[in-house]
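Working notes, beginning with the structure itself.
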Amino acid sequence: MLQIPCPWCGPRDEAEFHYGGQAHVAYPADPAALPDEEWARYLFFRDNPKGPFAERWSHAAGCRRWFNLVRDTATNEILEAP
């Protein structure tokens with residue numbers, strides 16, 4: 001099982017966390033002005049690399065806080081954590 005290092009609670013089993021997707025995705029400045037195609041691209045299209053990937057995680061069964069980390073998607077190794 002993957003051990004995820006929560007910055008506030010320490011390392012915990014991945015079952016305590018919820019995956020939040022790709023990190024550092026900027027919210028559109030004026031979402032109401034976006035055409036449907038661009039809005040759909042913001043909502044549904046994300047990178048899917050093999051290797052290091054910045055992700056958001058929520059410690060749902062603990063402190064309930066969100067944080068970012070970098071995980072290698074090929075090996076599940078945590079490369080950078082807060």
Side-chain angles (χ1 to χ4, degrees):
M1 178 172 279
L2 183 63
Q3 289 282 308
I4 298 176
C6 175
W8 297 275
C9 304
R12 300 288 194 271
D13 290 339
E14 72 177 298
E16 293 188 19
F17 295 86
H18 286 284
Y19 179 71
Q22 182 176 355
H24 312 298
V25 177
Y27 191 77
D30 187 7
L34 288 180
D36 288 344
E37 183 177 319
E38 287 182 42
W39 183 243
R41 186 169 305 285
Y42 166 74
L43 290 175
F44 302 113
F45 288 74
R46 296 291 182 260
D47 295 337
N48 188 19
K50 181 177 183 180
F53 188 58
E55 303 172 325
R56 297 203 27 88
W57 288 86
S58 169
H59 192 182
C63 62
R64 303 180 62 89
R65 297 175 84 173
W66 285 91
F67 60 94
N68 296 339
L69 59 79
V70 176
R71 180 179 63 91
D72 187 313
T73 59
T75 65
N76 272 340
E77 179 184 359
I78 306 294
L79 303 174
E80 293 178 38

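All residue numbers refer to positions in the sequence shown, counting from 1.
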Between [atom1] of [X] and [atom2] of [Y], what distance do you get to the nearest 0.5 Å?
X: Thr75; Y: Lys50; atom1: OG1; atom2: NZ; value: 10.5 Å
X: Gln3; Y: Arg12; atom1: CD; atom2: CZ; value: 9.0 Å
X: Asn76; Y: Ile78; atom1: CG; atom2: CD1; value: 7.5 Å

Closest heavy-atom pair and its distance - [X], [Y]:
X: Cys9; Y: Cys6; answer: N-SG, 3.4 Å
X: Asp47; Y: Pro49; answer: C-CD, 3.6 Å
X: Leu69; Y: Pro82; answer: CB-CD, 4.4 Å

### Task
For the pair His59 and Phe17, name the ring-plane relationship: parallel under 30°, tilted 30 to 60°, perpendicular over 60°.
parallel
### Message
Just to verify, what does Tyr42 make a ring-ring contact (aromatic ring centres under 6.0 Å, His included) with, not counting sequence neighbours?
### Response
Tyr27, Trp39
#### Entry: Joint cluster assignment, Leu34 & Phe45, ILVMFWY side-chain distance < 4.5 Å
yes
### Query
Are side-chain heavy atoms of Tyr19 and Ile4 found at a separation under 4.5 Å?
no
### Query
Are Trp57 and Trp66 side-chain neighbours, meaning at least one heavy-atom pair lies under 4.5 Å?
no
#### Entry: side chain to side chain contact (heavy atoms under 4.5 Å, CB included), paired with Asn68, selected from Arg56, Gln22, Glu55
Arg56
### Message
Donor-acceptor pair, distance only, cut-off 3.5 Å: does the side chain of Glu14 make one with the backbone of Leu2?
### Response
yes
